[in-house]
Amino acid sequence: MRYSKLFGKTLRQAPAEAESISHQLLLRTGMIAQEAAGIYSYLPLGWRALRKIENIIRDEMDKAGGQELMLPVLQPLELWQQSGRDVSFGKSLFTLTDRKEHKLALGPTHEEVTADLVHRYVQSYRELPVLLYQIQTKLRDEPRPRGGLLRVREFIMKDLYSFDADEAGLAESYQKMCQAYKNIYARLGLPALMVEADSGAIGGKDSHEFMVITETGEDEVIYCTDCGYAANIEKAKFVKTDKATVPGKARNPLPLEEIATPESKTIEEVAKFVGVPASQTLKAVFYFTDGEFVFAIIRGDLEVNETKLRNALKCSELRLATESEVNAAGLVAGFASPIGIKGVKVIADDSVTSGSNFVVGANKPGYHFMNANYPRDFQVDLITDIAIARPGDSCPICGGKLSSARAIEVGHVFKLGTFISEKFGASFLDSDGKSRPIVMGSYGIGLGRLLAAIAEQSHDDKGIIWPLPVAPYQVYFCPLSLDKPEVLPTAEKIYQELQKEGIEVLFDDRDESPGVKFNDADLLGIPLRLTLSPRTLQSQSVEAKWRTEKKPQLLPLENLAPQVKRLLEEKAVRAQP
RNA sequence: CGGGGCGUAGCGCAGCUGGUAGCGCGCAGCGUUCGGGACGCUGAGGUCGGAGGUUCAAAUCCUCUCGCCCCGACCA
């Protein structure tokens, strides 16, 4: 490609709306252009890089036994009503009405369509397992697109759906996909961490996310450096050490005692007033969920994890209750108590059992109880883990210290189970002639987000540093002093030779100063730069420099293309997983 | 949806105590330069996000509206 003909140009300054590094770099390089919030065009360079990613993913999916197909973006809304996920997707589902007043949805994902297909085409266990995938545009009306390509409304995604006869089959497919994902990230030069993830209100037992640790990530990962335990904070478990034991205080339940605690509303105030650590208190938090008021109780030093709470309650909507809702429930904010409460659903974190003689509200302004003990003094509807893990907490596996980091989610795999296949009648006859629902799995990767994640963690102050397999071009051919009669013909000849050798080369044939060309080469992040100039011509050579390295090397002009080819191949081999 | 910020040339910005728009980069032409974003001269390019209002006069003041960004909520 001749640079002078390339559509799109580099910007010296990043557009003001770009905050994250990947967003700035992708805009500055002219790889993408914004059309609206969360809607982008891919320009030639960006599209080339995206297609490289796409092909790597396709290759790994095929190797893992996947079969590629193409599914509709326009889907009858009935399909979504059938699975019930029109409700769970809610407003994120783009819908429209056609001229015949039929309601349609723009596919945010394709489990429904695929399950419906499989229902029609698969009848026997002999036909299982089936792994179907597509790489195509999906649409979600995100509440808040952000970070350039990190969270968008229109995005290209690879989704593979696995269909197995039983849980064991699913486990095998799941395993295969996890391995395929690891291969993909390795080939993309992306250090991705596999972490335990929340599977949401729908979906089965297991779910994992692949995370790239970087500050601009939207997610938070909790991990243990000792044993390798890692989980999304939404899911992360930790050991609730029995901090409630205060030296010199009795562990045995003492009689419940009401005390005056004027002006002590927050946990800090109460703990200070009574003279106990926060872990010796119980905290009440009120939520409103699917039209129901919920009273959550947790040890004073811990915080509620709303994802865990939502899962425990099996609800879709969850928000903090308003003050008037709290009052209407007959509770006194700041002094609320599970003791003697009636007509309200109470859910407790299991930390209420890790300690004794807690200080808790008396549900009376200005009063708290001392020595509250579960279950002696209060009962709950549900007791489970609803606490959020924090750095410094103890690892649930080895007891080591947990750390936390921001991360970009670059892949998500789910064991879906039979939820969707049952809705679509996707069943098969087993070897005993018995009809059983097909067991599904779902495995997604967002391509644009991968592109952004790579730029996010592979750059320097000059620009992007594309890993060779992703780079839009492998070689940036940069002749200087093109107006000098000795340079141009040689440059043209080299360009032809490189192309003939099958090398993807961007030929900077512009009449620009060396600084401009070098800076553009660095900004674009093309892995190998070849410089031809009157200077190198004197020694009948070309200067070759890797984007990742400081020092160039000289290659003789003679037989240049095969030498370049060999350099690239060596690099590719070294980068192999 | 709550909180905050911003909309002036392709990009970055100034102008905002009202008087009809300017700078840098980029772009076009000519000339000089040529190994890390060169220089000179000439030039093109703007519904000042949109609508309404106040005024003799609005980029500037008022009202409404649209869009974009950030934080949070949300997000299989």
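Letters A, B, ... are given to chains in the order of the sequence lines, protein chains preceding strands, and every chain is numbered from 1.
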For nucleotides B:rU60 and B:rU17, find the distance between their P atoms and express it as a whole number of Å. 11 Å
Rounded C1' spacing from B:rG3 to B:rA73 in Å: 11 Å
Between A:L530 and A:A544, what is the shortest heavy-atom contact and its length? CD2-CB, 3.7 Å
Specify the separation, in whole Å, of atom CD of A:E142 and atom C1' of B:rC71. 17 Å
Listed pairs, N/O of protein and of nucleotides 13-15 of chain B, under 3.5 Å:
none

For A:L488 and B:rC34, give me the distance from atom CG to atom C1', rounded to whole Å. 15 Å
Between C1' on B:rC11 and CG on A:L25, what's the gap in Å once rounded to a whole number? 15 Å
Can you give one letter per nucleotide of nucleotides 35-48 of chain B, 5' to 3': B if a protein heavy atom sits under 4.0 Å from the base, S if only from the sugar-phosphate, - if neither? BBBS----------
Pair A:F507-A:E492, side-chain contact (heavy atoms from CB on, under 4.5 Å): steps then yes or no: CA-CA 9 Å; A:F507 174 28; A:E492 287 288 349; 3.9 Å; yes
Test of ring centre spacing under 6.0 Å for A:F477 and A:Y495: no
Kindly state which residues belonging to residues 32-42 of chain A come within less than 4.0 angstrom of RNA chain B, counting heavy atoms of the residue only, listed by number. A:Q34, A:A36, A:A37
State the pairing partner of B:rU32; accept Watson-Crick or G-U wobble contacts with both distances under 3.5 Å, and report none otherwise. B:rA38
Any strand: nucleotide that pairs with B:rG19 via Watson-Crick or wobble, under 3.5 Å: B:rC56
P spacing across the pair B:rG26 / B:rA38, given as an integer number of angstrom: 8 Å
Contact class for A:G463 (heavy atom, under 4.0 Å): base, sugar-phosphate, or nothing? nothing
Short question: side chain of A:T137, backbone of A:I156 - any donor-acceptor pair under 3.5 Å? no
Specify the separation, in whole Å, of atom CD of A:E218 and atom C1' of B:rC75. 8 Å
Using atom P of each nucleotide, how far apart are B:rG5 and B:rC41 to the nearest Å? 42 Å
Expressed in whole Å, how much space separates the C1' atoms belonging to B:rG24 and B:rG19? 27 Å
Side chain of A:K423, backbone of A:T418: donor and acceptor closer than 3.5 Å? no
Scan every strand shown for a Watson-Crick or G-U wobble partner of B:rC68, both distances under 3.5 Å, and answer none if you come up empty. B:rG5
Now, which nucleotide makes the Watson-Crick or G-U wobble pair with B:rC27, with each of the two distances under 3.5 Å? B:rG43
Tell me which nucleotide, if any, is Watson-Crick or G-U wobble paired with B:rU63 when both distances must be under 3.5 Å. B:rA51
Mind checking whether A:H208 and A:Y181 have side chains closer than 4.5 Å, heavy atoms only? no
Rounded to whole angstrom, note down the C1' distance from B:rC13 over to B:rG29. 27 Å
Honestly, is A:R140 close enough over A:F155, meaning NZ or CZ under 6.0 Å from the six-membered ring centre and within 45° of the axis? no
Would you call A:K235-A:D198 a salt bridge at under 4.0 Å N-O? no
Could you give the CD-to-P distance, from A:E19 to B:rC6, as a whole number of Å? 14 Å
Please give, in whole Å, the distance from B:rC70 P to A:R406 CZ? 13 Å
A:N232 side-chain N/O to A:E234 backbone N/O, donor-acceptor pair under 3.5 Å: yes
So A:R319, base contact, sugar-phosphate only, or nothing? Heavy-atom distance under 4.0 Å. nothing
Sugar-phosphate, base or nothing in reach of A:A14, heavy atoms under 4.0 Å: sugar-phosphate
Would you say a side-chain N or O of A:R146 is under 4.0 Å from OP1 or OP2 of B:rC75? no
According to ring pair (Phe, Tyr, Trp, His ring centres under 6.0 Å), who are the partners of A:H110, at least two apart in sequence or on a separate chain? none
Would you mind listing every side chain to side chain donor-acceptor pair (under 3.5 Å) that reaches into residues 478-487 of chain A, with sequence neighbours excluded? none
Specify the residue among A:E306 and A:P145 whose closest nucleotide of RNA chain B lies further upstream toward the 5′ end. A:P145
Does any N or O in the side chain of A:T95 come within less than 3.5 Å of the main-chain N or O of A:A105, such that one atom is a donor and the other an acceptor? no
Need one value for A:K91: base, sugar-phosphate or nothing, where a base atom within 4.0 Å counts as base even if backbone is also close, heavy atoms only. nothing
Has the side chain of A:R144 got a donor or acceptor atom sitting under 3.5 Å from an opposite partner on the base of B:rC70? no
Determine the interatomic distance between C1' on B:rA59 and the same-named atom on B:rC71; round to the nearest Å. 30 Å
Provide, to the nearest angstrom, the distance between the CG atom belonging to A:L150 and the P atom belonging to B:rC71. 11 Å
Span that lies between the P atom of B:rU63 and that of B:rA21, in whole angstrom: 26 Å
Measure centre to centre between the rings of A:Y161 and A:Y133, then say whether the value is under 6.0 Å. no
For B:rC74, does OP1 or OP2 lie under 4.0 Å from any side-chain N or O of A:R310? yes
Round to the nearest Å and state the distance from A:M157 atom CE to B:rC75 atom P. 16 Å
Would you list the atom pairs, donor with acceptor, under 3.5 Å between side chains in residues 17-32 of chain A and any protein atom, with sequence neighbours excluded?
residue	atom	partner	partner atom	Å
A:S20	OG	A:H23	N	3.3
A:S22	OG	A:E456	OE1	2.7
A:H23	NE2	A:Y40	OH	3.1
A:Q24	NE2	A:A18	O	3.2
A:Q24	NE2	A:E19	O	3.4
A:R28	NE	A:L11	O	2.9
A:T29	OG1	A:L25	O	2.7
A:T29	OG1	A:L26	O	3.1

